[in-house]
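Report on one structure; see the data block that follows.
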Amino acid sequence: MIFRSATIDDAQLIFQIIQDAFNFNSNTIEQIEDQLNNDNYRFFLVDDHGFISLTQFEDEADINQIAVKKEFQNQKIASFLIEELMKTLNGVFKIHLEVRASNEIAKHLYIKFGFKQISVRKNYYSNPIEDANVMLYEKENNLIVAFESSADETSVAVVKNGNEVLSNIVATQINSHQRFGGIVPEVASRHHLEWINKVLELALKKANIDDPKKQITAVGATYGPGLVGSLLVGLMAGKTFAMVNDLPFIGVNHLAGHILAANFNKKIIYPALALMVSGGHTELVLMPSENKFEVIGETLDDAAGEAFDKIGRVMGLKYPAGKEIQELAKQGNNNISFPIAHTQGEFDFSFSGLKSAVINYLHKAEQKNESINKNDLLSSFQQAVIDALIEKTDLALSKFKVKMLLVGGGVAANELLRNSILNIANKYDVELNLVPMQFAGDNAAMIGAAAYVNFKHNEFSNLKLDTNPSLDFPYQSHNL
Ligand code: KG4
Ligand code: ZN
């Protein structure tokens, strides 16, 4: 028997099954077609013998109907339908249904699958009039173990239901890279190798996991973008952990992790627009629905965090310089005006011109033997970066009607950005969802949040999955 999700082409078949099973049909084919076209309705078929239908709203579902053609009844098809359905509904926590009070066979079947009777609806059914027993199934929590090692943080986390962090261990190697002014790939991968087992052990211990096979639902690991030698360590560790414990594996896009970490602040609602600002990437990403990412704009040269780090280096600050620039800027004034780059793509960014302008400013002062106010320069530089981010986000919000604005990535920790972006969210009456400060920079909890979304949509990866150092979302140009 084959269990499958129904498509619009199955409307006729579904109609026939209802007709055959009940000698009566309260739905027209057109109504069934409308339901098949509606994202909240879902139908699943077993061959052409029977189907189960439900309505789903986020993480709750209602089973509407189970029907099996007469000639196939008493062959455990209903049982098979429920069993397969339960396997498919990842991320659904509550399933409700009503059943005729006298239908003992059906009630027993549901009880076998873990449903409990919670109430009675008087005279719910007609022909003949009868009470309904309301039954509820509540799923256990789903725990995901997640691995992240794309750059200079070795991290493992345990995340519950995509939004609750049970543990998030981050071993940073910043000290080892500081004297080089940036990440040295070879040094990074060696550190990941040294740390990964210890970090895993600590993450499991903190989350009270002593029997992963039983307690964990799935394993996620970053497979790109990032440094190939670094990615390999976390990815191999994740795949091995999944294999040894017989758990499903999910390869995760690091950038999706940065965006979906907003779920740790509050539940993301769609459609959403995400401003993803990290050390390696700066993108505006449109999310029409939960697992869809469309890049509408990106940086043509340096990422926002990279601009902070490069200016930091020129000014003699330690890598990574974002946080220190923010602090020094507080002691200075934004009194030097730097240009905002004009890009061909209306939502694109460019920071290399700004970097050159700052360097030129320094050189000129040096040539003229003039002293500069370092803090004023940093304050003005920071303002120029944030202004560029705000300007393009504002433009995107004016063109795309979204319900929520998400901000993620290491630079999302920047206070000026956090304060300024609230104004444009208010301007467009869009709810703002900023990643919590502790999940802005690289960490495995965010990978757990993203893996959970894949899990909900039954998107698992093969254990042959390789790293993809330049992984990105598809670029979409929207002609509005
Ligand atoms: O997301 P992330 O941890 O790593 C990448 O995936 O790239 O981002 C790190 C970047 C660094 O460039 C760092 O300088 C920047 O985030 N950053 C900041 C702040 N905190 C970290 N930039 C500006 N202001 C901050 N407060
Ligand atoms: Zn990152």
Side-chain angles (χ1 to χ4, degrees), residues 146-155 157 168 170-174 177-178 181-183 185 188 221-227 230-231 234 252-262 274-283 285 298-299 301-315 317-330 349 351 354-355 378-379 381-390 406-421 434-447 449-450 469-473:
F147 293 75
E148 155 64 36
S149 69
S150 63
D152 53 358
E153 263 89 31
T154 318
S155 182
N168 183 40
V170 185
T172 179
Q173 324 171 345
I174 284 177
H177 300 290
Q178 251 164 9
I183 304 180
T222 307
Y223 74 105
L227 302 165
S230 292
L231 286 166
V252 176
N253 180 330
H254 179 85
L255 307 178
H258 273 306
I259 293 172
L260 296 174
L275 173 64
M276 214 288 302
V277 273
S278 76
H281 292 79
T282 297
E283 295 182 344
V285 183
E298 63 191 338
T299 182
D301 37 62
D302 294 344
E306 193 178 359
F308 274 93
D309 297 341
K310 285 184 174 169
I311 292 306
R313 194 174 176 165
V314 173
M315 305 287 283
L317 306 178
K318 280 189 188 156
Y319 163 86
K323 179 86 199 290
E324 198 179 349
I325 290 181
Q326 166 183 302
E327 297 311 315
L328 293 171
K330 281 182 193 160
F349 303 90
F351 294 106
L354 171 62
K355 180 185 63 190
L378 291 176
S379 168
F381 159 75
Q382 174 179 247
Q383 189 69 52
V385 174
I386 304 306
D387 283 350
L389 297 175
I390 296 286
L406 317 173
V407 188
V411 183
N414 184 275
E415 288 167 15
L416 182 64
L417 175 62
R418 290 175 90 86
N419 295 332
S420 322
I421 203 137
L434 294 169
V435 60
M437 294 287 274
Q438 72 267 38
F439 301 114
D442 289 351
N443 67 86
M446 70 185 201
I447 302 306
S470 51
L471 181 67
D472 205 346
F473 303 123

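Along the sequence shown, the residues carry numbers beginning at 1. Bear in mind that the values here come from a model prediction, so they are computed numbers and not experimental data. Order of appearance sets the numbers: ligands from 1, and atoms from 1 within every ligand.
Here the heavy atom of the protein found nearest to atom 11 (C) of ligand 1 is Asp309 OD2, 3.5 Å. Scanning the protein for heavy atoms near atom 24 (N) of ligand 1, the closest one is Asn414 ND2, 2.9 Å. Remark: minimum distance from atom 3 (O) of ligand 1 to any protein heavy atom is reached at Asp442 N, 3.0 Å. Scanning the protein for heavy atoms near atom 15 (C) of ligand 1, the closest one is Val411 CG2, 3.9 Å. From the protein, the heavy atom lying nearest to atom 7 (O) of ligand 1 is Gly279 N, 2.7 Å.
On a distance-only criterion, Gln326 and ligand 1 share at least one N/O pair closer than 3.5 Å. Any N or O atom pair closer than 3.5 Å counts here, and Gly322 shares at least one such pair with ligand 1. Inclusion of Glu153 in the set of residues having an N or O under 3.5 Å from an N or O of ligand 1 is not warranted. Taking any N or O of Gly280, backbone or side chain, at least one lies under 3.5 Å from an N or O belonging to ligand 1.
Its N, O or S atom nearest to the Zn ion (ligand 2) is what matters here, and for Asp442 that atom is OD1. The Zn ion (ligand 2) sits nearest to atom NE2 when only the N, O or S atoms of His258 are considered.
The side-chain contact (heavy atoms from CB on, under 4.5 Å) test applied to Asn253 returns Pro225, Leu255, Ala256, Leu471, Phe473, not counting sequence neighbours. Phe351 meets the ring-ring contact (aromatic ring centres under 6.0 Å, His included) test with no other residue; sequence neighbours excluded.
Atom-to-atom distance recorded for Lys330:NZ and Glu415:CD is 3.5 Å, nearest 0.5 angstrom. In this structure, the separation between CG on Leu378 and CD on Glu327 is 11.5 Å, given to the nearest 0.5 Å. Note that CD of Glu148 is 5.0 Å distant from CE of Met446, once rounded to the nearest 0.5 Å. Here the CD-OG distance, from Gln326 to Ser379, works out to 11.5 Å after rounding to the nearest 0.5 Å. The structure places CZ of Phe381 at 12.5 Å from CG of Leu328, a figure rounded to the nearest 0.5 Å. Separating the CG atom in Asn419 from the CG atom in Leu434 is a distance of 9.0 Å, to the nearest 0.5 Å.
No more than 12 heavy atoms of other residues, nucleotides or ligands sit less than 6.0 Å from atom CZ of Arg313.
For the pair Thr282 and Leu389, the minimum side-chain heavy-atom distance is below 4.5 Å.
At least one N/O/S atom of His254, whether from backbone or side chain, sits less than 2.8 Å from the Zn ion (ligand 2).
In the vicinity of Gly441, heavy-atom distances shorter than 4.0 Å reach the ligand 1 atoms 3 (O). Within the listing of ligand 1, atoms 12 (O) sit less than 4.0 angstrom from a heavy atom of Gly305. Proximity to Pro320 (heavy-atom distance under 4.0 Å) selects the following atoms of ligand 1: 13 (C), 14 (O).
Under 4.0 Å from ligand 1, the heavy atoms of His254 that appear belong solely to its side chain.
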Show, in sequence, the C-alpha distance, side-chain angles and deciding distance for Thr222 and Asp442, and conclude whether the side chain to side chain contact (heavy atoms under 4.5 Å, CB included) test is met.
CA-CA 11 Å; Thr222 307; Asp442 289 351; over 6 Å; no

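Distances from atom 17 (N) of ligand 1 to the heavy atoms of Pro225, Gly226, Gly410, Gly409 show the closest one on Gly410.
Assignment of Ala151 to the shell around ligand 1 is not supported, since no heavy atom sits closer than 4.0 Å.
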